[in-house]
Amino acid sequence: MTVQTIKLALKRLCRALSQGVFAGILSCALVSSSATASDAQDQPLRSIGISVADLGNPFFVELVDSVTRRANELNNGQSVEVIVRSDAYDLRRQVRQLNEFIEQKVDLIVLTAADEYKIAPVVAKAQRAGIKVIAVDVNAHGADATITTDNVQAGVVACERLAKEIGYTGQFVIINGVSVSSVLERVAGCKSAINRYPDITLLSDRLNGTGSQEGGMEAMTYLMEEYEHLDAVFAINDPTAYGAMMAAQQAGRSEFVLASVDGSSFAIDTIQQPNLWIATAVQRPRLMAERAVEIGLALLKGEDVRQRFILIPAQLAEKNGSEK
């Protein structure tokens with residue numbers, strides 16, 4: 001390049017500067033940057049990590065589906081990536097899942113805690129990374145918000161129904177489950193109901209049906225072997241109750257009645273058929289999920305959320321009757 005060419009280039013540069021061309025370019029860059037920042041502000045929710053106990057349970061399937069649907073409805077037309085994991089009530093597995101969510105830099109975590117208190121350190125770790133954590137169905141210590149069924153009330157209404165059916169007298173058993181807050185509260189509610197009636201005898205409340213159909217079958221089989229006569233059985237969820245009913249049918253036992261908590265559609269349909277299952281306390285996983293997303297999104301936007309612990313009452317679905 002000759003000296004003359006260089007001088008010509010310099011003159012053109014000076015002319016461009018004097019005419020504000022570069023100022024315009026800089027202005028465009030600032031506008032673009034501002035628009036990008038505005039877009040980011042308008043879409044604070046890009047990804048959600050969900051960790052639930054059992055994707056074989058219709059309750060958790062509806063919970064996940066409802067979180068996904070509500071997140072996309074509220075996100076200004078922008079799709080939300082949803083990462084779903086099942087921990088099978090295994091705390092170590094759930095901790096790994098939450099660490100994975102943290103590494104993937106999700107914006108929001110929705111979880112049913114495998115252990116209310118031992119999950120706290122990884123919840124705090126997520127929060128330090130700027131992630132909001134919402135507990136659903138089961139309490140999680142340190143979570144930004146908690147939305148659950150009023151599980152004590154659910155246990156009360158289910159076991160009141162059983163007590164009424166057996167005339168407030170007879171032999172009663174509870175098929176328990178994993179020691180998480182929702183299960184403990186349902187059992188406590190059931191006991192508080194039947195303790196009002198001195199002629200009801202609680203024979204057993206310690207067998208763990210694992211919240212599954214297989215566990216319910218196994219627990220019910222043991223109880224029928226242990227006790228020649230039973231009047232009422234409370235199962236902590238619908239899959240457990242269904243397993244218990246199947247075990248009773250296989251053993252030819254029909255002297256007792258059965259109730260549970262969940263209110264899944266398959267349970268409500270089954271209850272209306274001729275069998276010993278007479279009621280289920282209906283949870284509302286869709287409402288639970290919607291509130292979780294709404295509160296999580298509000299927190300991500302920096303809004304003030306005053307009510308961070310929400311209990312949703314259960315309704316009773318009965319055989320040959322409507323919800324009460």
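All values derive from a computational prediction rather than experimental measurement.
Here the side chains of Asn99 and Ile102 are in contact, with some heavy-atom distance below 4.5 Å. Contact of the Leu74 side chain with the Leu45 side chain is not registered, since no non-hydrogen atoms from C-beta on lie closer than 4.5 Å. Counting only heavy atoms from C-beta outward, the side chains of Ile175 and Val233 approach each other to under 4.5 Å. Side-chain contact between Ile278 and Leu258 is absent, with no heavy-atom pair separated by less than 4.5 Å. Side-chain contact check for Asn139 versus Phe309: some heavy-atom pair is nearer than 4.5 Å. Contact check for Tyr197 versus Asp199: no side-chain heavy atoms found under the 4.5 Å cut-off. A 4.5 Å side-chain heavy-atom check between Val305 and Arg308 finds at least one atom pair inside the cut-off. In this structure, Ser204 and Leu223 have side chains that are in contact, with non-hydrogen atoms separated by less than 4.5 Å.
Here the straight-line distance linking atom CD of Glu160 with atom OG of Ser192 works out to 8.0 Å at 0.5 Å rounding. Atom OG1 of residue Thr148 and atom CD of residue Gln283 lie 8.5 Å apart, to the nearest 0.5 angstrom. Note that CZ of Arg206 and CD1 of Ile174 are 11.0 Å apart. Values are rounded to the nearest 0.5 Å. Separating the OG atom in Ser182 from the CG atom in Asn151 is a distance of 5.0 Å, to the nearest 0.5 Å. Interatomic distance, CZ of Arg93 versus OG of Ser86, reported as 5.5 Å (0.5 Å rounding). To the nearest 0.5 Å, atom OG1 of residue Thr240 and atom CE of residue Met217 are 12.5 Å apart.
Note on Leu287 and Leu63: same hydrophobic cluster, where clusters join Ile, Leu, Val, Met, Phe, Trp and Tyr whose side-chain heavy atoms are under 4.5 Å apart, directly or indirectly. Met288 and Leu297 fall within a single hydrophobic cluster, where Ile, Leu, Val, Met, Phe, Trp and Tyr side chains are chained together by heavy-atom contacts under 4.5 Å. Linking ILVMFWY residues whenever their side-chain heavy atoms come closer than 4.5 Å, directly or via other members, leaves Val261 and Met220 in distinct clusters. Connection of Tyr89 to Val64 is established within a shared hydrophobic cluster, with ILVMFWY side chains joined at heavy-atom distances below 4.5 Å, either directly or through further cluster members. Following chains of ILVMFWY side-chain contacts shorter than 4.5 Å, one can reach Leu202 starting from Val183, so the two form part of one hydrophobic cluster.
Across all non-hydrogen atoms, the minimal contact from Thr112 to Val136 is CG2-O, 3.0 Å. Shown here for Ala113 and Val138, the closest heavy-atom pair between the two residues is O-CG1, 3.5 Å. For the pair Leu55 and Val61, the tightest heavy-atom approach, listed with the atom from each and the gap, is O-CG2, 3.3 Å. For Ala317 against Val282, the heavy-atom pair with the smallest separation is CB-CG2, 3.7 Å. The minimum heavy-atom distance between Ile119 and Ala140, with the atom names listed, is CG2-CB, 4.0 Å. In terms of heavy-atom proximity, Gly189 sits nearest to Val156 at O-CG2, 3.2 Å.
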Begin with the C-alpha distance, continue with both residues' side-chain angles, and end with the deciding distance and a verdict on side chain to side chain donor-acceptor pair (under 3.5 Å) for Asp238 and Thr280. CA-CA 7 Å; Asp238 288 347; Thr280 179; 2.9 Å; yes
Let me see the working for Glu318 and Arg161 under salt bridge (Lys or Arg N to Asp or Glu O under 4.0 Å), right down to the final yes or no. CA-CA 9 Å; Glu318 302 179 70; Arg161 181 65 184 86; 2.3 Å; yes
Carefully, step by step, assess Ile310 and Thr146 under the rule side-chain contact (heavy atoms from CB on, under 4.5 Å). CA-CA 6 Å; Ile310 298 172; Thr146 301; over 6 Å; no
Go through it in stages, so that I can follow the logic: the residues are Leu230 and Val173, the test is side-chain contact (heavy atoms from CB on, under 4.5 Å), and I'd like the CA-CA distance, side-chain angles, deciding distance and then a yes or no. CA-CA 8 Å; Leu230 295 169; Val173 295; 3.6 Å; yes
Run the side-chain contact (heavy atoms from CB on, under 4.5 Å) test on Phe60 and Asp137 for me, step by step, so that the C-alpha distance in whole Å, both residues' side-chain angles and the decisive distance to 0.1 Å come before the verdict. CA-CA 9 Å; Phe60 292 114; Asp137 186 51; 3.8 Å; yes
Could you walk me through whether Val257 and Leu162 satisfy the side-chain contact (heavy atoms from CB on, under 4.5 Å) test, starting with their C-alpha distance in whole Å, then the side-chain angles of each, then the deciding distance to 0.1 Å, before giving a yes or no? CA-CA 7 Å; Val257 287; Leu162 287 172; 3.7 Å; yes
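Remark: side-chain polar atoms of Glu62 are not paired, donor with acceptor, to backbone N or O of Arg284 under 3.5 angstrom. Using modelled atom types, no side-chain atom of Asp107 and backbone atom of Lys132 make a donor-acceptor pair closer than 3.5 Å. Without hydrogens or angle criteria, Asn237 side chain to Gly211 main chain gives a donor-acceptor distance under 3.5 Å. Judged purely by atom type and a 3.5 angstrom limit, Arg85 has no side-chain atom pairing as donor or acceptor with the backbone of Ser51. Not one N or O on the side chain of Asp262 forms a donor-acceptor pair closer than 3.5 Å with the backbone of Ser264. Put simply, the side chain of Gln127 gets close to the backbone of Gly142: a donor and an acceptor are under 3.5 Å apart. With Asn76 contributing its side chain and Gln78 its backbone, the two residues share no donor-acceptor pair below 3.5 Å.
Evaluated for a side chain to side chain contact (heavy atoms under 4.5 Å, CB included) with Leu111, the options Val133, Ile50, Val122 yield exactly one hit, Val133. If you run side chain to side chain contact (heavy atoms under 4.5 Å, CB included) between Ile134 and each of Val67, Ile109, Ile48, Ile147, only Ile147 comes through.
By the 30° and 60° cut-offs, the orientation of the rings of Tyr242 relative to Phe266 is perpendicular.
Taking the centre of each ring, Phe256 and Phe172 stay at or above the 6.0 Å mark.
Contacts of Glu290 classified as salt bridge (Lys or Arg N to Asp or Glu O under 4.0 Å), with partners at least two apart in sequence or in another chain: Arg286. In this structure, the side-chain contact (heavy atoms from CB on, under 4.5 Å) partners of Asn275, at least two apart in sequence or on a different chain, are Met245, Gln249, Thr270, Gln273, Trp277, Lys319.
Between the side chains of Asp231 and Gln171, no donor N or O sits under 3.5 Å from an acceptor N or O. No hydrogens or angles considered: nothing links the side chains of Asp65 and Thr68 as a donor-acceptor pair under 3.5 Å.
Within 6.0 Å of the CZ atom in Arg196, the count of heavy atoms belonging to other residues, nucleotides or ligands exceeds 12. Within 6.0 Å of atom CD in Gln213, more than 12 heavy atoms from other residues, nucleotides or ligands are found, so the atom counts as buried in its surroundings. By the 6.0 Å contact criterion, CD on Glu228 is open, its count of non-hydrogen atoms from other residues, nucleotides or ligands being 12 or less. In Tyr227, the OH atom is crowded: over 12 heavy atoms of neighbouring residues, nucleotides or ligands sit closer than 6.0 Å.
Between Glu255 and Arg253 there is a salt bridge, with a side-chain nitrogen of the basic residue lying less than 4.0 Å from a carboxylate oxygen of the acidic one. Taking the charged nitrogens against the carboxylate oxygens, Arg306 and Asp304 do have a contact shorter than 4.0 Å, which makes a salt bridge.
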